[in-house]
Amino acid sequence: MTNPDKQKPVEVTDVETAAEKTSEPTPASGTSTITQRWKREDLIKKASPITRGICLLFSLLAFLIMVSNKHGYGRNFNDYEEYRYVLAISIISTLYTAWQTFAHFSKREFFDRRTNILVDFSGDQIVAYLLISAASSAIPLTNRFREGQDNIFTDSAASAISMAILAFVALALSTLFSGYKLSTHSFI
């Protein structure tokens with residue numbers, strides 16, 4: 001049979017040497033995989049309370065900024081239900097993340113392990129949704145006020161909304177970590 005490309009046939013020894021050059025040394029009994037998993041789980045154990053602590057900080061700031069946003073007639077956060085909604089959700093988020101942070105650092109489990117993981121995941125998702133919902137409801141009102149005039153009232157409202165959005169981002173990251181914990185936990 002003729003070789004149309006005029007190439008010499010490939011020898012078995014050539015294939016073996018090429019495979020040896022490209023393959024990485026395999027560790028005995030998969031220790032590399034195990035240590036990588038341990039490092040990943042350790043990172044998640046550290047990152048989850050950190051993201052909740054950051055969310056606690058931003059939620060508390062959103063609460064404090066919105067409560068102090070009283071600047072006279074027509075420039076009081078109590079006059080607008082969108083700002084009261086931001087305040088209420090900031091309070092809920094502050095209480096939830098403070099409770100979760102306390103539960104983590106006190107090493108106490110208020111429920112059994114499976115229920116605790118489910119509460120973490122669902123609570124993070126619910127509070128994160130409420131935070132972004134509150135921020136998105138107050139943005140149009142603040143933009144409408146800023147068209148007329150830009151003053152300390154609208155600046156305070158915008159900063160409280162920004163803190164709520166940053167709290168949402170932190171809690172969304174925490175949701176990813178608690179979702180990973182939920183997916184790797186065996187329920188048997």
Side-chain angles (χ1 to χ4, degrees), residues 44-111 113-183 185:
I44 289 172
K45 283 181 183 177
K46 291 178 183 176
S48 182
I50 289 172
T51 55
R52 284 199 180 113
I54 291 170
C55 179
L56 174 63
L57 174 71
F58 287 136
S59 297
L60 188 62
L61 283 173
F63 164 69
L64 293 174
I65 292 169
M66 192 56 80
V67 164
S68 65
N69 198 6
K70 295 181 179 183
H71 302 287
Y73 179 73
R75 294 188 293 169
N76 188 354
F77 83 92
N78 279 336
D79 297 338
Y80 307 100
E81 67 183 33
E82 292 89 347
Y83 294 151
R84 289 193 308 256
Y85 183 48
V86 171
L87 178 70
I89 298 305
S90 295
I91 291 171
I92 291 171
S93 176
T94 301
L95 292 175
Y96 171 75
T97 54
W99 174 67
Q100 286 284 9
T101 306
F102 169 75
H104 177 78
F105 287 121
S106 69
K107 306 277 189 220
R108 291 177 52 194
E109 290 192 15
F110 296 101
F111 309 110
R113 184 157 174 81
R114 179 173 50 179
T115 307
N116 199 23
I117 291 172
L118 286 170
V119 167
D120 285 352
F121 180 67
S122 59
D124 286 353
Q125 282 197 343
I126 290 168
V127 174
Y129 169 76
L130 289 174
L131 279 168
I132 199 66
S133 167
S136 65
S137 72
I139 288 173
L141 180 65
T142 306
N143 285 339
R144 201 171 34 235
F145 284 153
R146 284 190 168 213
E147 288 174 359
Q149 63 181 353
D150 199 12
N151 56 28
I152 194 165
F153 176 69
T154 57
D155 290 344
S156 296
S159 63
I161 293 167
S162 299
M163 293 300 120
I165 290 172
L166 290 173
F168 161 76
V169 169
L171 203 55
L173 285 173
S174 179
T175 301
L176 290 175
F177 295 134
S178 59
Y180 175 78
K181 287 180 192 174
L182 181 67
S183 69
H185 182 72

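Not measured: the values here are computed from a predicted model.
Minimum interatomic distance between T94 and L56 (heavy atoms only, all atoms of both residues): O-CD1, 3.4 Å. Scanning all heavy atoms of the two residues, the minimum distance from S159 to I65 falls at OG-CG2, 3.3 Å. Minimum heavy-atom separation, M66 to V86: CE-CG1, 3.9 Å. Pairing each heavy atom of G53 with each of T101, the nearest pair is N-OG1, 4.1 Å. A pairwise comparison of heavy atoms in Y85 and S133 identifies OH-OG, 3.0 Å as the closest pair.
Using a distance-only test at 3.5 Å, with no hydrogens or angles considered, a donor-acceptor pair links the side chain of S137 to the main chain of A134.
Remark: the Q125 side chain and the Y129 side chain contain no N/O donor-acceptor pair separated by less than 3.5 Å.
Looking at T115 and L118, their side chains never come closer than 4.5 Å, going by heavy atoms from C-beta outward. Counting heavy atoms from C-beta outward, F63 and S93 have side chains that stay 4.5 Å or more apart. Taking 4.5 Å as the limit, some side-chain heavy atom of T142 sits within range of a side-chain heavy atom of R146.
Residue pairs meeting the side chain to side chain donor-acceptor pair (under 3.5 Å) criterion with at least one member in residues 61-70, sequence neighbours excluded: N69-H71.
The side chain to side chain donor-acceptor pair (under 3.5 Å) test applied to S136 returns no partner, not counting sequence neighbours.
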Pair up each side-chain donor or acceptor in residues 162-174 with any protein partner under 3.5 Å, not counting sequence neighbours, and list the distances.
from, atom 1, to, atom 2, distance (Å)
S162, OG, A158, O, 2.9
S174, OG, R52, NE, 3.4
S174, OG, D124, OD2, 3.1

Report task. Take I152 and S156 through the test side-chain contact (heavy atoms from CB on, under 4.5 Å) and record every step on the way to the result. Result -> CA-CA 6 Å; I152 194 165; S156 296; 4.2 Å; yes

Requested in this report: Apply side-chain hydrogen bond (donor to acceptor under 3.5 Å, both in side chains) to Q100 and Y96, showing your working.
Outcome: CA-CA 6 Å; Q100 286 284 9; Y96 171 75; 3.0 Å; yes

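Here the CZ-CG distance, from F177 to L182, works out to 15.0 Å after rounding to the nearest 0.5 Å. One finds the CD1 atom of I50 at 7.0 Å from the CD1 atom of I54 (value rounded to the nearest 0.5 Å). Atom OG1 of T97 sits about 14.0 Å away from atom NE2 of H104, to the nearest 0.5 Å.
Relative ring orientation between Y83 and F145 is described as tilted, the plane-to-plane angle lying within the 30° to 60° band.
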